[in-house]
Student: 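Submitted below is the structure of interest, expressed as structure tokens.
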Amino acid sequence: MDKFIIVFFVFSCISLSAQDKIHQTFKDTRVINSHSIETLKKGILDFRIAHRFGDFAGDAGGWPTFYGLESASDVMIGFEYGISDNLMVGLSRTKGAGPLKQNINSFLKYRIMRQDDGGGKNPFSVAIVGLGSYSTMQQCSTPGLLCFFEKSPHRFSYNLQAIIASKINHRIAVQAILGWTYRNNVEFNDQNDLPSAGVVFKYQFSKVFGLIVDATFSFSDFRKNELGPDGTQRFHNPLGIGFEWETGGGHVFQINLTNSSGLIETDYIPYTSSSWGDGEYRLGFTISRQFKL
Amino acid sequence: MIAFVQKYLVIILAFTFVICASLMIPERVIPDEESVITEDNRVFKILAALGADGTDHFPDTKLFGVSAKRGRTLVEEGFSTKPGGGTTKKQSKHFVCTSCHNMEKEDPDLRFSDPQARLEYTNEKGLPFLQGTTLYGAVNREEFYNDDYYKKYGDLVIPARNDIREAIQLCAVECAQGRKLKDWEVESILAYLWTIDLKISDLNMSPEELTFVENALANNTQQDSAAALIKSRYLKGSPAHFVTAQQSREAAVAAKGNTDNGKLIYENSCLHCHENQRYSYFNLDDCDMSFKFLKKKEDTYGDHSVYQVTRFGIKSVSGRRSYMPQYPIEKMSDQQLQDLRAYIDMRAD
């Protein structure tokens, strides 16, 4: 604990240094699914709506569902707020795409270090995110299912991330994420702890239009070896590719294709079971509207 | 009797001296500091000593909580400590006074409102080049929200035109899109503004002119002329005329842009608000993508065209009250706008 406090203090001091800092490594606080290094400015309220449609192709997609547009695998509605320029909090509700539905999610993100502008000493920005999710779905009657909720704490899941990012130039930004997800209740042969790593890439075509890519890899033997009912691999790593528009006046619009059906880390990291190879990718979008409070 | 005189001689002499001395005092005392003018002399004091009518908007310092220090914090940060303890609510979510106004002298010659002279002067002094008039010397002015500001704010400008308190409130509520200031806040801002009033050195008077004023003070002669001379050295209000984007576009057709000048405008004006989204959601920087974007939008009729946004600004609307105020022609000339375009084009290419 003492070491943590010392590290926190050192990083805080670094972040307070007077050197010019990089602005907008990413345009938004999210890159498809993952948190980006960005935090909201102090006093900014961000209203967000994110949507993931159904499978574009595959067994559940195609014409019958109008390529997934007639179904919604997950929906998020939330508010986020900048307490300071480097600290933000968020509260949202998600439909839930995994076994845990009707989730209330909250998170706290703190940017502890910002990249120096103009080739300064520090080429990276660093942030940490802590997220908690609580499923409010009705208890199911089958013991052994995750939704049985033998105890109330079984409804909780957590995710902790360390994010390191660098804006290489005005067009290119990269980011790496080390994550740890903990679920209070898991399937009998799964483990509560789930470490993961993520990579994010952005290429800015113009001032307002950019390409974004987001991939997360979980490290779990269960996920690697577990087979689904059809005998194929049950879990897949989420991978998304999308475009981002800054429409001015505090609006950012993202449209993407991803195989993850969930929107929150405690959902899409442990429970992504759709495969790009089987056409189980979907269209998604995020609308963000910021207000000054 | 003699004994009485001897007994009280000292007192009688002292009394006599006081009476004689009082008879020798001239009708009007001119303190030494005002009969010899120094650069630091405040213009309003010299005018008062000359018996001229000056501005009379002095702060009401008897009001509880009034302080120039609080006024300065309100102007620069938008909030202050409350007289009874604690901190005030931020005056505006969107702007502070220094978003649009400098606090230092920004014109080399206060007799004229010349945007090119101002651009060069502010650049030399490391100041931004802004839409609003500097608050330095605001208390020496007699008129506010002049000329075409009526077109923008309508009848709201009428009470503000000759009343600095009303002008401050109009600026707080309409320009800054914030809350109305409390009385002690207005008086505190006034108290602060009186710390940045005009000094004799700001008027660029010649040695002969200074001697003329000094003689007027010392000899009580030609005081009206001396006061008129001083008043002729600065504007009593800041002229403001709006032109349309179309007029500026047409003027630009014949003009050749100066990219060096355009660079100064981009850096000292555009980036003042847009760099790192300081006062705006729209970010601008020194990167080629920003210039390409601005070039692409130049000849459009939307908010991202430099002609449109400079001449019309951006409206404040419900849900997005933060806006961009336009530049009157006295704050950015058509030539300067063309210089800005030339710089944008050069950087985009």
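In this text, all values refer to a predicted model and were calculated from it rather than measured experimentally. The figures that follow rest on heavy atoms only: side chains count, while hydrogens, waters and symmetry mates do not. Chain A is the first sequence line, chain B the second, and so forth, proteins listed ahead of strands; every chain is numbered from 1.
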Student: Can you say whether A:Ile44 sits under 4.5 Å from chain B via the side chain, the backbone, both, or neither, judging by heavy atoms?
Tutor: side chain

Student: Are the charged groups of B:Asp148 and B:Lys152 less than 4.0 angstrom apart, N to O?
Tutor: no

Student: Quick check on the interface: out of B:Lys90, B:Lys296, B:Lys93, who has the most heavy-atom pairs with chain A under 4.5 Å?
Tutor: B:Lys93

Student: Tell me, with the steps shown, if B:Asp286 and B:Arg347 meet salt bridge (charged side-chain N to carboxylate O under 4.0 Å, His left out).
Tutor: CA-CA 9 Å; B:Asp286 199 40; B:Arg347 291 297 307 273; 2.9 Å; yes

Student: Given a strict heavy-atom distance threshold of 4.5 Å, which part of B:Glu275 is in contact with chain A: side chain, backbone, both, or neither?
Tutor: neither

Student: What part of B:Asp288 gets within 4.5 angstrom of chain A, counting heavy atoms only: side chain, backbone, both, or neither?
Tutor: side chain

Student: Do the charged groups of B:Arg341 and B:Glu298 touch, with an N to O distance under 4.0 Å?
Tutor: yes

Student: Does this structure show an ion pair linking A:Lys27 with A:Glu246, if we count only N-O contacts that are shorter than 4.0 Å?
Tutor: yes

